[in-house]
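The first residue of the sequence shown is numbered 1, and numbering continues consecutively from there.
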Amino acid sequence: MTDLLDRLSTATHHSSGEWRLGEGYLLRVAGRPADVTTALRTENAREWAEQVFALESTRDESGEALRLALEQAVAAVADDHPDRIALINLRRDVFNARRPRNSTLSKADPLLTPDARALLDEWMGTVASLRETLEAGADVVGADITAARTRARDVLSDDDLRSAVLLQSEVLEKNMDRYLSGKRKMDKQNRQVERTLLELLYRAALKTSPFSTLTSVALGRFAADSARPRPEPVSLRQHSSASLNVAILARLAAVILADPELRSSIRVTLAPGASTEGDSMRYVRRRTSAGADPDAVVAIDSVHEDLFFLPSGPALDDVVRRTRDARPRLSELAADVTAASDSRTPEDVEKLLGHLLRLGFLLAPELQVDLRASDPASSFVTALRAQPNATLRDVADRLGQAREQVQRYPATPARERRGVLGEVRRLVTESFEAVGASSALVPRTVIYEDTVTTSDGLEVSRSQWEQTMLPDLADLARILPAFDLNLPRRLTATGFFRARYGAGGSCDDVVRFCHEFQRDFFSPYTQRSMRRRQFDDDNAFVPQENWFKLTDIAAIDDAREQASLFLRDPQAVLGSGTDERRDDDGGDADEIQLGPEFVDAVHRRLPPSERTAQPWSFFVQLAADGTEDAPGRLVLNRAYAGLTLMFSRFAHSLDDAGANARGLIRDVLHRYTPDGAVLAELRGGYETTNLNVHPAVTDYEIVCPGDASTRPAEEQIPLEDLRLVHDAEADRLALVSHRLGCEVVPIYLGFLMPMALPEVQQVLMCLSPSGMAQIDLWAGTGQPVPADGITMYPRLSLGNLVLQRKMWKLSTDVFPFRDPQHSDAEHFLRLQRWRREHGLPGRLFAQIDNAAAGSTVDGGDDGADNDEGTRTADADGAGSGRGERRKAGRKPLPVDFGSWLSLHLFEQMALGATSRIVLTEAYPDQDALWLRDENGRPYVSELLVELYDTTRDAREPEADERGSHG
């Protein structure tokens with residue numbers, strides 16, 4: 001034990017805070033050029049509004065001079081002069097910017113000086129021009145909206161967009177042509193279809209959330225021999241790959257196992273870890289229930305695990321004896337168990353086995369979905385074809401035909417894909433009906449599609465990135481533990497273990513520990529932490545629940561509060577010596593540059609780095625600064641855990657495009673593996689979502705309850721082979737394998753958030769480097785002060801890295817909703833005036849404030865969309881408006897004030913808001929986009945860059961000689 005603790009301690013102690021770039025990065029490219037949105041602009045309407053504002057400005061300037069002249073004229077006329085009141089009325093009319101009556105003008109004119117009369121003529125001319133311009137507005141705006149709709153229909157006719165629409169909603173795709181023809185009036189249905197299609201178009205052009213053809217991905221590398229500062233892909237042509245929704249397979253398996261006749265030939269085995277405890281059989285029961293939202297494009301079935309006890313007895317003992325080390329067919333098992341006792345009837349045994357299957361005590365490995373296969377449906381179909389039951393073989397044939405259609409799908413022209421998709425749906429539905437299941441169990445989405453681009457031209461200069469980008473990213477990584485939502489959970493698990501087993505203690509029953517930790521502490525702790533507000537209404541920091549009085553938790557709280565205090569007092573920034581305030585528009589500061597003093601103020605309050613450091617992945621955008629031989633400026637979107645977590649899901653598709661993603665991922669994981677330890681993957685428990693499908697990239701896999709691993713036995717680590725050990729010197733908890741005699745670091749490479757995993761996996765993830773940072777530096781500062789119901793927050797930067805974009809927060813009370821009495825022109829003018837009054841940019845992103853709505857997901861980002869952890873598509877599924885307002889605002893909505901169509905989408909989103917609305921600058925805006933296709937058209941893009949603490953790297957030759965930054 002002492003030797004083991006020494007190795008654990010040696011493997012994790014840090015000598016310094018050194019960081020390096022990962023081996024590769026993921027490039028995410030919007031599915032349409034950014035400039036397609038210009039077709040949606042109503043330029044004539046915008047120019048008309050600008051002309052109105054210019055005339056109003058001229059009127060007000062000349063009116064000020066005229067009012068002074070009129071005041072002098074009034075003062076020069078005797079109080080009893082009969083026409084003096086006309087002068088006063090004229091002055092009042094000018095002050096109120098309204099045209100005077102002719103009678104007022106005729107009476108006042110003789111009393112004016114020549115100069116005053118000239119000023120009056122000038123002012124009256126401007127007022128007349130303004131009135132004429134305003135009266136022309138209805139025709140200008142109306143014609144421009146009509147023209148914009150015509151152009152929009154041309155842009156929306158794009159086949160790539162249609163392909164994405166089809167997977168969002170088959171009904172919507174079917175109704176597209178009805179809208180695109182332009183032959184039908186803009187009735188309610190057409191307006192709803194238009195809104196949904198426009199949202200998808202804006203998303204495809206200005207956001208980077210992988211879904212079908214809306215966004216493609218590519219794998220790049222940092223290379224020592226490259227001089228390229230930024231990626232230069234030789235082509236942005238999308239290459240599609242499609243797969244059958246694995247939820248279909250898992251749900252079919254559940255139906256088959258519930259039917260005595262269908263399941264009779266299926267082979268079964270005992271649930272991993274099942275053991276005798278007294279007069280009971282103990283095991284972990286896994287329960288799966290189908291997703292409840294019928295409109296969800298990405299439906300995720302819920303999975304739960306809990307420690308379960310079955311009363312033991314002769315019959316159960318016979319079942320255990322025959323299934324612990326064998327996989328008999330159910331019919332054979334039933335016959336053997338029945339024959340073992342004269343008192344048993346076949347009916348009773350069949351009923352017992354049915355209950356054991358339902359309770360997850362018996363598993364059917366043949367029907368478990370292999371999430372590590374490039375085509376999980378293939379092995380499932382093979383297993384069904386091997387069954388003697390004719391119905392199951394028929395289902396296998398139908399699924400096999402469905403697979404063939406799915407393989408055809410990527411090469412099928414967009415307008416013919418509906419037929420292929422319909423055929424897949426028909427075959428899947430018939431498969432469910434063949435086994436007696438309701439067609440309601442068929443998921444709404446039957447095909448998953450990913451698109452990738454070539455990796456040619458994606459090797460970039462490692463040295464340039466190390467010099468220009470790595471220092472600022474490393475500084476951010478130093479303070480991220482203060483904002484990490486998962487770190488307190490990991491530290492608390494150690495505190496719970498130490499309280500239960502003592503410092504330096506160990507536990508051989510990992511399953512029981514997971515169960516007790518989850519039941520006695522973790523579940524209520526998680527619920528309370530999700531409801532916690534970091535700052536109260538008075539901006540006072542609210543400490544986390546710290547039931548075990550952990551100094552590390554208190555240190556994290558102290559560091560997070562210090563970040564707020566640093567910004568709360570402007571002098572703390574101004575006096576730092578590194579503060580810069582950039583003023584791009586001639587007004588108040590648009591940007592605050594945080595210096596190293598800010599990083600040091602937060603970092604020195606954090607716990608020791610050996611208990612907090614971990615790999616990070618950063619979703620960033622590059623803002624081109626006009627320099628050809630430098631990457632540009634980085635803009636942070638999100639920060640998540642590293643270890644290839646955020647791009648391993650695309651490995652199969654990337655490999656099909658020749659990127660060798662699997663090899664890169666394995667190299668990254670091997671290099672990071674600490675000395676004296678191994679990485680072992682958790683499958684995540686979910687067999688019903690393609691978000692967990694990726695190749696095997698670790699040497700080992702932890703076999704959790706309910707899993708039937710397909711990997712060789714020597715690569716499997718059952719939970720019963722593991723024990724928990726507390727390293728008292730480092731005050732950290734570790735998993736140790738009896739068989740391997742070393743530490744096992746669990747990692748999860750699926751796309752679900754750790755708190756969405758089943759209970760046992762959630763606890764094991766407390767021993768994994770799995771961070772999720774929520775960076776909101778303005779929270780708790782009480783600044784800036786709201787003005788007219790809107791609060792403007794300057795951009796916050798750390799060196800060459802933008803941490804938070806400039807943003808505005810407003811309540812729905814100050815949003816300029818349309819007055820039913822206003823015409824289109826009047827409403828458009830009001831929106832433009834509102835934008836000018838509050839200094840809003842012409843293009844931005846809008847989102848309902850999730851924090852104000854009580855969500856724990858950081859929603860105040862940007863135009864990049866990174867909600868894969870709980871990702872569901874946000875289009876209106878049926879094209880009928882169903883759930884439109886409920887779903888509005890879930891993702892950032894691009895807003896273009898120069899487009900009537902865009903502003904209409906903005907107002908629809910605001911109508912669904914019950915709390916604040918967050919507006920974020922579009923930075924980088926279209927003029928700072930650097931990625932262009934073969935035709936020179938600009939594209940919005942995003943890079944996923946990983947950072948690794950070099951002191952956690954495996955000690956290989958030259959492992960630490962490349963790219964570290966202290």
**Student:** Can a side-chain donor-acceptor contact be found between T213 and Q238 if the only test is distance below 3.5 angstrom?
**Tutor:**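 Absent: no donor and acceptor within the cut-off.
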**Student:** Describe, in one word, how the ring planes of F619 and Y640 are oriented to each other, choosing from parallel (under 30°), tilted (30 to 60°) and perpendicular (over 60°).
**Tutor:**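 Taking Y640 first and then F619, their aromatic rings stand perpendicular (interplane angle over 60°).
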**Student:** Looking at R237, is its backbone amide N or carbonyl O close enough to the side chain of S235 to form a donor-acceptor pair, meaning the two atoms are under 3.5 Å apart?
**Tutor:** yes
**Student:** Indicate yes or no for a side-chain donor-acceptor contact from S564 to the backbone of R560 under 3.5 Å, with no hydrogens or angles considered.
**Tutor:** no
**Student:** Once you measure the plane-to-plane angle for F751 and F650, does it fall in the parallel (<30°), tilted (30-60°) or perpendicular (>60°) bin?
**Tutor:**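 If you compare the ring of F751 with that of F650, the planes turn out perpendicular.
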**Student:** Checking E449 side chain against P410 main chain: does a donor-acceptor pair fall under 3.5 Å?
**Tutor:**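 Judged by distance alone, no pair lies under 3.5 Å.
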**Student:** Could you tell me whether the side chain of Y939 and the main chain of L929 form a donor-acceptor pair under 3.5 Å?
**Tutor:**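 Here the side-chain-to-backbone pair does not exist.
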**Student:** Considering only heavy atoms from C-beta outward, does the side chain of F483 approach that of D776 to under 4.5 Å?
**Tutor:**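 Heavy-atom side-chain distance check fails, nothing below 4.5 Å.
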**Student:** How many angstroms lie between CD1 in I592 and OH in Y793, if you round to the nearest 0.5 Å?
**Tutor:**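 Result: 12.5 Å between the selected atoms.
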**Student:** Are the side chain of W616 and the backbone N or O of V945 linked by a donor-acceptor pair below 3.5 Å?
**Tutor:**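 Not at all, since once roles are kept as given, no pair shorter than 3.5 Å links the two residues.
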**Student:** Would you please say whether a donor-acceptor pair under 3.5 Å links the side chains of S768 and S770?
**Tutor:** no
**Student:** Return a table of donor-acceptor pairs under 3.5 angstrom between the side chains of residues 653-664 and protein atoms on other chains or two or more places apart.
**Tutor:**
{"from": "S653", "atom 1": "OG", "to": "S241", "atom 2": "OG", "distance (Å)": "2.7"}
{"from": "D655", "atom 1": "OD1", "to": "N660", "atom 2": "N", "distance (Å)": "3.3"}
{"from": "D655", "atom 1": "OD1", "to": "A661", "atom 2": "N", "distance (Å)": "2.5"}
{"from": "D655", "atom 1": "OD1", "to": "R662", "atom 2": "N", "distance (Å)": "3.4"}
{"from": "N660", "atom 1": "OD1", "to": "G663", "atom 2": "N", "distance (Å)": "3.2"}

**Student:** Using 0.5 Å steps for rounding, measure from the CG atom of L777 to the CG atom of L796.
**Tutor:**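 Output value for this atom pair is 5.5 Å.
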**Student:** Looking at S609 and T612, would you say the former's side chain and the latter's main chain have a donor-acceptor pair under 3.5 Å?
**Tutor:** no
**Student:** Less than 4.5 Å apart, any side-chain heavy atom of L636 and any of L473?
**Tutor:**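 Of all side-chain heavy-atom pairs linking L473 with L636, none is under 4.5 Å.
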**Student:** Under the salt bridge (Lys or Arg N to Asp or Glu O under 4.0 Å) test, which residues partner D158, sequence neighbours left out?
**Tutor:**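 If we apply the salt bridge (Lys or Arg N to Asp or Glu O under 4.0 Å) test to D158, skipping adjacent residues, the hits are R32.
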**Student:** Taking the side chain as every heavy atom from C-beta outward, state whether D472 and L634 have any pair of such atoms under 4.5 Å apart.
**Tutor:**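 A side-chain contact is absent here, since even the closest heavy-atom pair is not under 4.5 Å.
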**Student:** Are any of the side-chain nitrogens in E199 or K891 under 4.0 Å away from the carboxylate oxygens of its partner?
**Tutor:** no
**Student:** So does E681 pair up with R372, basic N to acidic O under 4.0 Å?
**Tutor:**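 Judged by the 4.0 Å cut-off on N to carboxylate O distance, E681 and R372 do form a salt bridge.
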**Student:** Salt bridge between D450 and R649, side-chain N to carboxylate O under 4.0 Å?
**Tutor:** yes
**Student:** Would you sort out whether V940 and Q621 count as a side-chain contact (heavy atoms from CB on, under 4.5 Å), showing the intermediate values?
**Tutor:** CA-CA 9 Å; V940 171; Q621 289 180 261; 3.9 Å; yes
**Student:** Please answer whether the main-chain N or O of A601 pairs with a side-chain N or O of R605 as donor and acceptor at a distance below 3.5 Å.
**Tutor:**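 It does hold such a pair.
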**Student:** With a 3.5 Å cut-off and no angle check, do the side chains of H603 and Q562 form a donor-acceptor pair?
**Tutor:** no
**Student:** Using the salt bridge (Lys or Arg N to Asp or Glu O under 4.0 Å) criterion, which residues pair with R666? Sequence neighbours excluded.
**Tutor:**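 Counting only residues at least two positions away or on another chain, R666 forms a salt bridge (Lys or Arg N to Asp or Glu O under 4.0 Å) with D699.
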**Student:** Would you mind reporting whether V678 and E743 have side-chain heavy atoms less than 4.5 Å apart?
**Tutor:**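 A side-chain contact under 4.5 Å is absent here.
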**Student:** With sequence neighbours excluded, tell me which residues meet salt bridge (Lys or Arg N to Asp or Glu O under 4.0 Å) with D925.
**Tutor:** R843
**Student:** So, the side chain of T698 versus the backbone of Y700: is there a donor-acceptor pair under 3.5 Å, distance only?
**Tutor:** yes
**Student:** Okay, side chain of T451, backbone of S240: is any donor-acceptor separation there less than 3.5 Å?
**Tutor:** no
**Student:** Can you list the steps and then say if L767 with R490 is a side-chain contact (heavy atoms from CB on, under 4.5 Å)?
**Tutor:** CA-CA 6 Å; L767 307 174; R490 291 158 49 194; over 6 Å; no
**Student:** With a cut-off of under 6.0 Å to the ring centre and 45° to the axis, is R795 in cation-pi contact with Y923?
**Tutor:**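 Yes, R795 lies over the aromatic ring of Y923.
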**Student:** For S226, give me all partners under side chain to side chain donor-acceptor pair (under 3.5 Å), at least two apart in sequence or on another chain.
**Tutor:**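 Side chain to side chain donor-acceptor pair (under 3.5 Å) check on S226 returns nothing, list empty.
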**Student:** Would a 4.5 Å heavy-atom cut-off, applied to side chains only, mark I775 and L476 as touching?
**Tutor:**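 Yes, at least one pair of side-chain atoms sits under 4.5 Å.
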**Student:** Could you tell me the separation between the CD1 atom of I556 and the CG atom of D484, rounded to the nearest 0.5 Å?
**Tutor:** 7.5 Å
**Student:** Can you list everything that forms a salt bridge (Lys or Arg N to Asp or Glu O under 4.0 Å) with D933? Sequence neighbours excluded, please.
**Tutor:**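 Partners of D933 by the salt bridge (Lys or Arg N to Asp or Glu O under 4.0 Å) criterion come out as none, since no residue qualifies.
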**Student:** Check whether T215 reaches the backbone of F211 with its side chain - one donor and one acceptor, N or O, closer than 3.5 Å.
**Tutor:**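 Judged by distance alone, no pair lies under 3.5 Å.
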**Student:** Whether R671 and E23 form a salt bridge (side-chain N of Lys/Arg under 4.0 Å from carboxylate O of Asp/Glu) is what I want to check.
**Tutor:** yes
**Student:** Do K806 and T920 have side-chain heavy atoms sitting under 4.5 Å apart?
**Tutor:** no
**Student:** Any chance you could measure Y748, atom OH, to M765, atom CE, to the nearest 0.5 Å?
**Tutor:** 8.0 Å
**Student:** Salt-bridge test for E459 and R228: reply yes if a basic N is under 4.0 Å from a carboxylate O, no otherwise.
**Tutor:** no
**Student:** Can we say E942 and R28 salt-bridge, meaning some charged N sits less than 4.0 Å from an Asp/Glu carboxylate O?
**Tutor:**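 Looking at R28 together with E942, the answer is yes, because their closest N to O distance falls below 4.0 Å.
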**Student:** State, without any angle test, whether Q467 and R462 hold a side-chain donor-acceptor pair at a distance under 3.5 Å.
**Tutor:**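 There is no such pair between these side chains.
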**Student:** If we count only N and O atoms by modelled type, under 3.5 Å, do the side chains of D949 and Y672 hold a donor and an acceptor together?
**Tutor:**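 Short answer, no.
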**Student:** Aromatic ring centroids of F222 and W465 under 6.0 Å?
**Tutor:** yes
